[in-house]
Enquirer: 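Got a structure for you, questions after.
Order of appearance sets the numbers: ligands from 1, and atoms from 1 within every ligand.
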Amino acid sequence: MKGKLKKVTLLSGDGIGPEISKEAEKLLSIISKEFNYPIQIIKKDFGGVAIDKTGNPLPEDTLETCKKSDAVLLAAIGGPKYDNLPRDKRPETGLLGLREGLKTFANLRPIVVFKSLIDSSTIKKEVIEGTDLIVIRELTGGIYFGKPKGIETRDGEKVGFNTMVYKESEIKRIAKVAFEIAGKRRKKVTSIDKANVLDVSQLWRDTVIKVSKDYPDITLEHLYVDNASMQLIKNPKEFDVILAGNLFGDILSDEAAMLTGSIGMLPSASIGDGSMPAIYEPVHGSAPDIAGKGLANPIAMILSAAMMFKYSFNEEKIHDHIFKSVKDILEKGYRTKDIMQDGRKLVSTKEMGDLLCKALTLNLSCKESII
Ligand code: NAD
């Protein structure tokens with residue numbers, strides 16, 4: 001399978017970022033070799049490490065390199081050292097700048113409950129078993145960006161206000177992403193709104209219905225956000241693709257993440273209209289409390305790389321091979337500390353990375369597993 005060279009900008013960032021990046025790099029080199037799939041990894045400074053070197057969390061050179069690549073793989077940024085910097089100099093500002101620079105408007109967060117980790121969740125086994133959904137959250141609009149906003153004094157007392165605003169075009173483009181993805185899954189979109197109260201939600205619902213006409217084979221349902229948050233805990237298997245605006249998506253995606261019970265397992269993607277590279281990153285942060293101790297779980301990072309093959313390179317097979325390797329290793333009982341259970345085998349970040357690489361090689365050569 002020799003394809004065109006793929007340029008991947010790797011932003012290892014801070015805290016556990018460099019450790020989990022190393023494991024993802026090892027995996028990418030195996031894919032490159034076994035699939036005869038040329039990948040060039042370009043490493044750039046981003047976040048705290050970039051602040052230390054340049055005073056800027058997103059140096060110009062880093063952004064330009066990201067723009068010229070086929071995809072961006074980001075580990076995590078931030079840490080206590082940077083918490084007291086002015087807002088425009090903080091690592092998080094770099095993240096917003098990166099998303100803005102690459103025009104990523106859709107955040108994709110797959111939530112899969114691995115059978116072998118089912119006891120890690122606080123929810124009953126029979127409720128979450130078989131859960132496999134994806135939350136698609138609008139990332140650049142809604143109440144987080146709407147104007148007017150602020151805090152001012154009215155009639156002698158302080159008033160705080162924000163504006164939830166969506167243009168029809170913004171709703172259309174995110175709805176299209178959801179329907180396209182649903183078409184490759186179980187063909188169901190659940191659109192989240194609060195149309196019984198909010199005008200902006202009414203427009204959201206009307207527009208999603210309009211877009212759905214182009215996708216007659218996809219089932220569309222609408223849920224008010226309060227009901228959705230209950231259904232997600234009561235019957236998560238009912239969901240396939242959840243489509244939501246920025247605020248509702250932010251909250252529901254964290255709720256959905258907790259179905260799995262382990263933040264070190266969750267990948268995500270931030271994508272745009274395809275004219276710029278997408279960003280793939282774990283849901284978790286830089287975990288400064290465990291950095292440098294070999295305790296970090298590299299699976300979220302590795303599954304983020306898997307998403308990159310699926311969504312940016314259209315290589316579903318490679319995605320599936322990586323996913324299966326993760327499943328195999330978990331079923332064999334290997335665990336990093338964050339997902340450790342009685343009777344399982346505790347491994348370090350590096351050992352988990354090595355096991356995943358070995359499993360991937362074995363899966364690819366279809367040999368009998370010897371791990
Ligand atoms: P966090 O996700 O870094 O950590 C929360 C808890 O989960 C910690 O106990 C940590 O040890 C654990 N954890 C996280 N990832 C893990 C992994 N892969 N393996 C094992 N355990 C893991 O969240 P936080 O503590 O709130 O934030 C720490 C720093 O990360 C802050 O500076 C924050 O701003 C930053 N952050 C960055 C991103 C990002 O880069 N996109 C996202 C969230 C937070």
Enquirer: Counting only nitrogen or oxygen atoms and a 3.5 angstrom limit, does Asp83 reach ligand 1?
Expert: no

Enquirer: Look only at the side chain of Asn107 and the backbone of Glu138, and say whether a donor-acceptor pair between them is shorter than 3.5 Å.
Expert: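 The answer is no, because no donor-acceptor pair under 3.5 Å joins these two groups.
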
Enquirer: Check each of Lys188, Arg185, Lys237 against Asp132 using the salt bridge (Lys or Arg N to Asp or Glu O under 4.0 Å) test, and report the only one that passes.
Expert: Arg185

Enquirer: Are the side chain of Asp14 and the backbone of Gly48 linked by a donor-acceptor contact shorter than 3.5 Å?
Expert: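 Such a contact is found between Asp14 side chain and Gly48 backbone.
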
Enquirer: Considering only heavy atoms, which of Ser286, Ala296, Gly78 lies nearest to atom 29 (C) of ligand 1?
Expert: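 Looking at heavy atoms only, the winner is Ser286.
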
Enquirer: Using a distance threshold of 4.0 Å (strictly less than), state whether atom 11 (O) of ligand 1 has a protein heavy-atom neighbour.
Expert: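 Yes, there is one.
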
Enquirer: Hey, does Pro288 come in under 3.5 Å of ligand 1, counting only N/O atoms on both sides?
Expert: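 So ligand 1 has no N or O lying under 3.5 Å from an N or O of Pro288.
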
Enquirer: Among all protein heavy atoms in this structure, tell me which lies nearest to atom 41 (N) of ligand 1, with the distance rounded to 0.1 Å.
Expert: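 Heavy-atom neighbour on the protein nearest atom 41 (N) of ligand 1: Glu281 OE1, 3.2 Å.
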
Enquirer: Does Asn246 offer a backbone N or O that forms a donor-acceptor pair with the side chain of Arg137 under 3.5 Å?
Expert: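 It does hold such a pair.
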
Enquirer: Please report which non-hydrogen protein atom sits nearest to atom 21 (N) of ligand 1, along with the residue it belongs to and the distance in Å to one decimal place.
Expert: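 Of the protein heavy atoms, Ile290 CD1, 3.5 Å lies nearest.
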
Enquirer: Between Gly264 and ligand 1, does any nitrogen or oxygen pair lie at a separation below 3.5 Å?
Expert: no

Enquirer: Given 3.5 Å as the limit, does a donor-acceptor pair link the side chain of Arg99 with the main chain of Gly94, or not?
Expert: no

Enquirer: Using non-hydrogen atoms of the residue, decide whether Ala300 is closer than 4.0 angstrom to ligand 1.
Expert: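 Checking ligand 1 against Ala300, which is what was asked, there is no heavy-atom contact under 4.0 Å.
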
